[in-house]
Enquirer: 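The structure is given below, and queries will be raised subsequently.
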Amino acid sequence: MSEKLAARDRMIVALDLPSVDAAEAMIAKLGDSASFYKIGYQLAYAGGLPMVRRLADAGKKVFVDLKLHDIGNTVARGVESLSALGATFLTVHAYPQTMKAAVAARGDSGLKILAVTVLTSYDDADLQEAGYRLGVRELVEQRAHQAQDIGIDGLVCSPEEAAHLRGIVGPSIALVTPGIRPAGAAVGDQKRIMTPARAIMAGADYLVVGRPIVEAADPKAAADAIVQEIATATV
Ligand SMILES: O=c1ccn([C@@H]2O[C@H](COP(=O)(O)O)[C@@H](O)[C@H]2O)c(=O)[nH]1
């Protein structure tokens with residue numbers, strides 16, 4: 001990551017909420033404690049995509065996490081449509097055809113394409129069950145090399161792989177890490193997790209945090225605590 005970001009701007013809050021009203025209420029609760037939001041399946045499919053422009057116009061950054069994966073032409077047309085929304089990041093799965101189509105289609109829109117290496121809810125046994133021959137570490141590494149060759153802007157990975165990947169891809173590819181759990185937080189369905197401080201020390205550029213904030217009794221206090229942890233861990 002070339003730019004030096006403030007701790008708050010490295011935390012991406014996943015707005016995994018059932019409606020636009022619920023998401024807007026959460027954004028109001030968080031106020032200045034959050035500057036970067038992620039819109040994924042739940043909110044996008046509940047009419048949340050127009051929020052991208054509204055948030056961008058309000059000075060917030062937005063990550064559209066739709067994890068595109070289809071034939072190249074369909075991915076390219078989808079990226080063209082999404083690039084008009086004003087988002088900062090868009091995810092695709094880290095398959096070569098998909099990544100090539102997305103990188104070619106983003107044009108000079110300013111949209112950055114992130115490749116999802118291996119979902120943070122997967123471990124080696126899950127990959128084997130899905131028919132993969134490689135374990136998590138090997139598949140993440142292979143996909144990182146392919147993504148870099150294709151010209152991808154960033155990788156989504158677990159913080160467990162961040163230090164290793166930083167050594168492979170160098171400083172200019174953003175490492176965006178879900179699977180963040182403050183000490184004592186419920187793990188849920190995530191399998192490859194770290195605390196915010198450890199993720200930052202491992203080399204993550206951005207931390208994606210959903211349930212530990214949006215399901216907290218006091219989301220603003222939860223977000224402030226994570227930002228404080230990021231600040232303390234930043235060297
Ligand atoms: O590998 C991945 C890719 C994306 N995600 C998304 O991040 C958030 C994490 O939410 P938590 O509630 O903090 O677990 C969620 O929107 C996922 O779709 C991921 O977890 N892992």
Side-chain angles (χ1 to χ4, degrees), residues 10-19 22-23 26-27 30 34 36-46 48-49 51-52 61-69 87-95 98-99 102 112-124 126-127 130 132 135-137 139-141 143-144 147 152-162 165 174-200 202 204-217 219 222-223 225-227 229-230:
R10 298 175 73 176
M11 178 184 71
I12 302 177
V13 178
L15 290 170
D16 292 332
L17 293 161
S19 66
M26 181 58 59
I27 292 161
L30 291 172
F36 209 150
Y37 288 102
K38 183 172 89 68
I39 295 179
Y41 290 0
Q42 188 181 18
L43 184 55
Y45 298 153
L49 280 182
M51 287 183 71
V52 178
K61 286 179 149 184
V62 189
F63 170 3
V64 176
D65 187 17
L66 292 182
K67 300 184 187 71
L68 304 185
H69 185 43
T88 297
F89 290 151
L90 169 69
T91 41
V92 302
H93 278 289
Y95 286 74
T98 299
M99 292 190 286
K112 290 188 164 55
I113 305 294
L114 307 180
V116 179
T117 54
V118 173
L119 291 167
T120 52
S121 60
Y122 277 54
D123 60 15
D124 288 345
D126 294 309
L127 284 181
Y132 289 89
V136 168
R137 186 178 164 92
L139 189 55
V140 167
E141 185 176 324
R143 288 178 167 174
I152 217 85
D153 303 299
L155 297 170
V156 176
C157 60
S158 154
E160 288 183 6
E161 293 99 46
L165 285 189
L175 297 182
V176 179
T177 60
I180 299 298
R181 289 293 181 268
V187 172
D189 54 354
Q190 297 285 7
K191 290 195 178 151
R192 302 188 340 269
I193 61 166
M194 267 191 193
T195 64
R198 288 188 59 223
I200 291 294
D205 294 309
Y206 297 92
L207 313 187
V208 177
V209 193
R211 288 164 286 186
I213 294 176
V214 301
E215 292 183 1
I226 290 169
V227 170
E229 215 180 308
I230 294 172

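The first residue of the sequence shown is numbered 1, and numbering continues consecutively from there. Note that ligands are numbered from 1 as they come in the structure, with each ligand's atoms numbered from 1 the same way.
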Enquirer: Is Leu119 close to ligand 1, meaning an N/O of one under 3.5 Å from an N/O of the other?
Expert: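 Such a contact does not occur with ligand 1.
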Enquirer: Would you say Pro212 contacts ligand 1, with heavy atoms under 4.0 Å as the rule?
Expert: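 Per 4.0 Å heavy-atom rule, Pro212 contacts ligand 1.
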Enquirer: Would you mind running through ligand 1 and noting each atom that sits below 4.0 Å from a heavy atom of Val208?
Expert: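 Atoms satisfying the 4.0 Å criterion: 7 (O), 8 (C).
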Enquirer: Could you list the atoms of ligand 1 found under 4.0 angstrom from a heavy atom of Arg211?
Expert: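 Under 4.0 Å from Arg211, ligand 1 has these atoms: 11 (P), 12 (O), 13 (O), 14 (O).
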Enquirer: Using heavy-atom distances only, which candidate in Gln42, His93, Lys67 approaches atom 18 (O) of ligand 1 most closely?
Expert: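 Nearest heavy atom to atom 18 (O) of ligand 1 lies in Lys67.
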Enquirer: Say whether, by atom type as modelled, one donor and one acceptor occur between the side chain of Gln190 and the main chain of Val187 under 3.5 angstrom.
Expert: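 Pair absent, no side-chain N/O of Gln190 close to backbone of Val187.
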Enquirer: Evaluate the ring pair (Phe, Tyr, Trp, His ring centres under 6.0 Å) criterion for residues Phe63 and Tyr206: first the C-alpha distance (whole Å), next the side-chain angles of each, then the deciding distance (0.1 Å), finally the verdict.
Expert: CA-CA 11 Å; Phe63 170 3; Tyr206 297 92; 8.9 Å; no
Enquirer: Give yes if a backbone or side-chain nitrogen or oxygen of Arg181 is under 3.5 Å from a nitrogen or oxygen of ligand 1, and no if not.
Expert: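 Between Arg181 and ligand 1 (N or O atoms, distance only) the closest approach is under 3.5 Å.
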Enquirer: With atoms numbered from 1 as shown, which atoms in ligand 1 lie under 4.0 angstrom from a non-hydrogen atom of Asp16?
Expert: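 By the 4.0 Å cutoff, the relevant atoms are 15 (C), 16 (O).
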Enquirer: Under a 3.5 Å distance rule, please check whether Thr91 uses its side chain to pair with a backbone N or O of Ala115 as donor and acceptor.
Expert: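 Absent.
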Enquirer: Looking at Tyr41, is Lys67 sitting on its ring face, NZ or CZ under 6.0 Å from the six-membered ring centre and within 45 degrees of the normal?
Expert: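 So Lys67 does make the cation-pi contact.
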Enquirer: Identify, by atom number and element, the atoms of ligand 1 in contact range of Gln190, meaning under 4.0 Å from any of its heavy atoms.
Expert: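 This gives 9 (C), 14 (O), 19 (C), 20 (O) as the contact atoms.
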Enquirer: With heavy-atom distances below 4.5 Å as the criterion, would you say the side chains of Phe36 and Arg10 are in contact?
Expert: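 Answer no - side chains too far apart.
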Enquirer: Which atoms from ligand 1 have a heavy atom of Asp65 less than 4.0 Å away?
Expert: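 In order of numbering, the contacting atoms are 4 (C), 6 (C), 18 (O).
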Enquirer: Is there a side-chain hydrogen bond (donor to acceptor under 3.5 Å, both in side chains) between Thr98 and His93? Walk through the geometry before answering.
Expert: CA-CA 7 Å; Thr98 299; His93 278 289; over 6 Å; no
